[in-house]
Amino acid sequence: MILDLHTHTMYSYDAEDEPVYAHVASAVEKNIDVLGFTEHVDFFRRESLQESEFAVGTVDFEGYQAEIAPFRSGRAIMPDLSTQQEDIFACREKFSGRIKLRAGVEMGQPHAAPELADDLQKTYHFDYVIGSIHQLSSDMDMYFLRYETIHPDDFWKEYFGEMQNMLQYGKFQILGHIDYPLRVMKLPNNRPSLKGYMDYVEGILKEIICRGIALESNTKGLFGWQKQIGPEDFILKRYRELGGELITVGSDSHAPQTIGRGIPEALERLQQAGFRYITDFENGTAIQHTL
């Protein structure tokens, strides 16, 4: 059973301009059994950001203005999910019997604007929701922080504090890329890791187990500087030791050609880590497929 439950199409602001159909066709060609679409819906505390809010040299504000600000509408980045879901339904008919398609969404920081996040789920039907942290309390995307100006201890304390706040909001089925900042905080002479911050990580793992929220194994790191699938091995091991059984796999693909990338390796890795099942969601209900 090959699943990819974390993908983005032309409806996500940072993805290639390729329609849902192209992603499904690519998945069918690669013999993927279940494909889930999770466009970005990011939430913010403020209506907008000003460069004067940040100390000089601590953020790449020009990068933020070019890549994030144009897609914001007040306190949210909101894609055209109505049309996107129509596209998914059309592809379900066209590819019936060849692949199962899930309508999901990736909510970034839903606790930053809980009323908007609630409205989103009242407006649309999702098979599942991924909850992710892309911004800290400053509303600045982590891609544009200058990590040479931030002590890692301070950063991880705030990051996992935000994640705890998101878990208190709840209302999602999958915790997305618990190690997301590792993608962007590498400096020339360091190799960032969560190894020194397992007190924070373990608190998160215990919370998601208690709440019945799945942990995501995200393959994007395999194709970046990390050269490995997330989360790190010791996190997977601790999740199993604590009794964690719900785990999903996602490529975090942003183009048809990267659909399913790294998924076979992720599934093999989970088997080696002692997991017996891979988790899927339909209409908000977890489905466990034997690995």
Side-chain angles (χ1 to χ4, degrees), residues 1-42 77-108 120-132 171-177 213-220 246-267 270 277-291:
M1 177 69 71
I2 305 296
L3 305 87
D4 190 348
L5 297 189
H6 189 152
T7 71
H8 302 274
T9 76
M10 62 184 285
Y11 294 101
S12 287
Y13 71 93
D14 58 348
E16 288 193 12
D17 189 20
E18 293 285 351
V20 169
Y21 175 89
H23 294 258
V24 178
S26 176
V28 169
E29 184 177 337
K30 296 172 183 178
N31 296 314
I32 291 173
D33 300 290
V34 181
L35 178 65
F37 294 102
T38 53
E39 311 300 354
H40 285 295
V41 178
D42 276 278
I77 293 176
M78 189 68 65
D80 182 3
L81 291 179
S82 295
T83 305
Q84 185 250 20
Q85 289 200 340
E86 289 176 3
D87 291 351
I88 293 173
F89 299 149
C91 284
R92 280 177 175 162
E93 290 187 12
K94 185 171 183 62
F95 292 93
S96 177
R98 303 173 68 187
I99 190 171
K100 292 181 180 179
L101 301 179
R102 307 294 192 216
V105 68
E106 182 180 15
M107 294 198 305
L120 178 75
Q121 296 201 60
K122 291 175 184 175
T123 302
Y124 300 99
H125 171 78
F126 300 113
D127 286 302
Y128 60 91
V129 175
I130 298 175
S132 298
K171 303 180 186 179
F172 57 94
Q173 288 74 39
I174 302 169
L175 175 64
H177 42 53
I213 293 172
L215 180 69
E216 178 186 65
S217 177
N218 189 296
T219 68
K220 196 163 187 176
L246 300 178
I247 191 158
T248 65
V249 288
S251 65
D252 216 338
S253 171
H254 285 62
Q257 60 268 29
T258 54
I259 289 286
R261 191 168 64 159
I263 297 297
E265 294 92 331
L267 295 175
L270 293 179
Y277 303 99
I278 191 69
T279 308
D280 179 17
F281 287 92
E282 184 175 19
N283 296 323
T285 300
I287 304 169
Q288 294 288 72
H289 302 286
T290 302
L291 275 169

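Nearest heavy-atom pair across Val20 and Cys91 is CG1-SG, 4.0 Å. Taking every heavy atom of both residues into account, Leu270 and Val249 meet most closely at CD1-CG1, 3.8 Å. The two residues Asp127 and Arg92 have their closest heavy-atom pair at OD2-NH2, 3.3 Å. When every heavy atom of Gly176 is checked against every heavy atom of Ser132, the shortest pair comes out as CA-OG, 3.8 Å. Nearest heavy-atom pair, Leu35 versus Val24, reported as atom, atom and distance to 0.1 Å: CD2-CA, 4.1 Å. Here the closest heavy-atom approach between residue Val41 and residue Leu81 is recorded as CG2-CD1, 4.1 Å.
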Problem set entry | Tyr21 vs Asp87, side-chain contact (heavy atoms from CB on, under 4.5 Å): CA-CA, chis, key distance, verdict | CA-CA 7 Å; Tyr21 175 89; Asp87 291 351; over 6 Å; no
For this session: Any chance you could lay out the side-chain contact (heavy atoms from CB on, under 4.5 Å) test for Gln173 and Ile213, step after step, and finish with the verdict?
Result: CA-CA 5 Å; Gln173 288 74 39; Ile213 293 172; over 6 Å; no
For this session: Test side chain to side chain donor-acceptor pair (under 3.5 Å) on Asp42 and Tyr13 and set out the steps.
Result: CA-CA 11 Å; Asp42 276 278; Tyr13 71 93; 4.6 Å; no
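A heavy-atom distance below 4.5 Å is found between the side chains of His177 and His6. Side chains of Asp252 and His8 form a contact here, defined as non-hydrogen atoms less than 4.5 Å apart. By the 4.5 Å heavy-atom criterion applied to side chains, Gln257 and Ser26 are not counted as neighbours. The shortest side-chain heavy-atom distance between Asn31 and Glu29 does not fall under the 4.5 Å cut-off. Using a 4.5 Å heavy-atom threshold, the side chains of Ile287 and His289 count as touching. Arg102 is listed as a side-chain neighbour of Tyr128, based on a closest heavy-atom distance under 4.5 Å. Here the side chains of Val105 and Thr38 are not in contact, with every heavy-atom distance at 4.5 Å or above. By the 4.5 Å heavy-atom criterion applied to side chains, Leu120 and Val129 are not counted as neighbours.
Separation of atoms OG1 (Thr83) and CD1 (Ile88) is listed at 11.0 Å; rounding is to 0.5 Å. If you take CG on Leu101 and OG on Ser96, they are separated by 9.5 Å, rounding to the nearest 0.5 Å. Distance check, rounded to the nearest 0.5 Å: CD1 of Ile32 to CG of Leu3 gives 9.0 Å. A distance of 9.0 Å separates CE of Met10 from CG of Asp80, quoted to the nearest 0.5 Å.
With respect to Glu216, the side-chain contact (heavy atoms from CB on, under 4.5 Å) criterion is satisfied by exactly one of Leu5, Leu175, Ile130: Ile130. Looking at Ile2, Thr248, Leu246, Leu291 one by one, the single match for side-chain contact (heavy atoms from CB on, under 4.5 Å) with Ile278 turns out to be Leu291. Of the candidates Thr7, Thr219, Asp4, Ser251 forms a side-chain hydrogen bond (donor to acceptor under 3.5 Å, both in side chains) with just one, namely Asp4. When each of Glu106, Glu39, His40 is checked for a side-chain hydrogen bond (donor to acceptor under 3.5 Å, both in side chains) with Ser12, only Glu39 meets the rule.
A distance-only check finds no donor-acceptor pair linking the side chain of Asn283 to the backbone of Thr285 [under 3.5 Å]. Remark: the backbone N or O of Ile259 is paired with a side-chain donor or acceptor of Lys30 at under 3.5 angstrom.
Using bins of under 30°, 30° to 60° and over 60° for the plane-to-plane angle, the ring pair Phe126/Tyr124 lands in the tilted bin. Taking the six-membered ring where the residue is Trp, His23 and Phe37 present perpendicular rings, their angle passing 60° and hence far from 30°.
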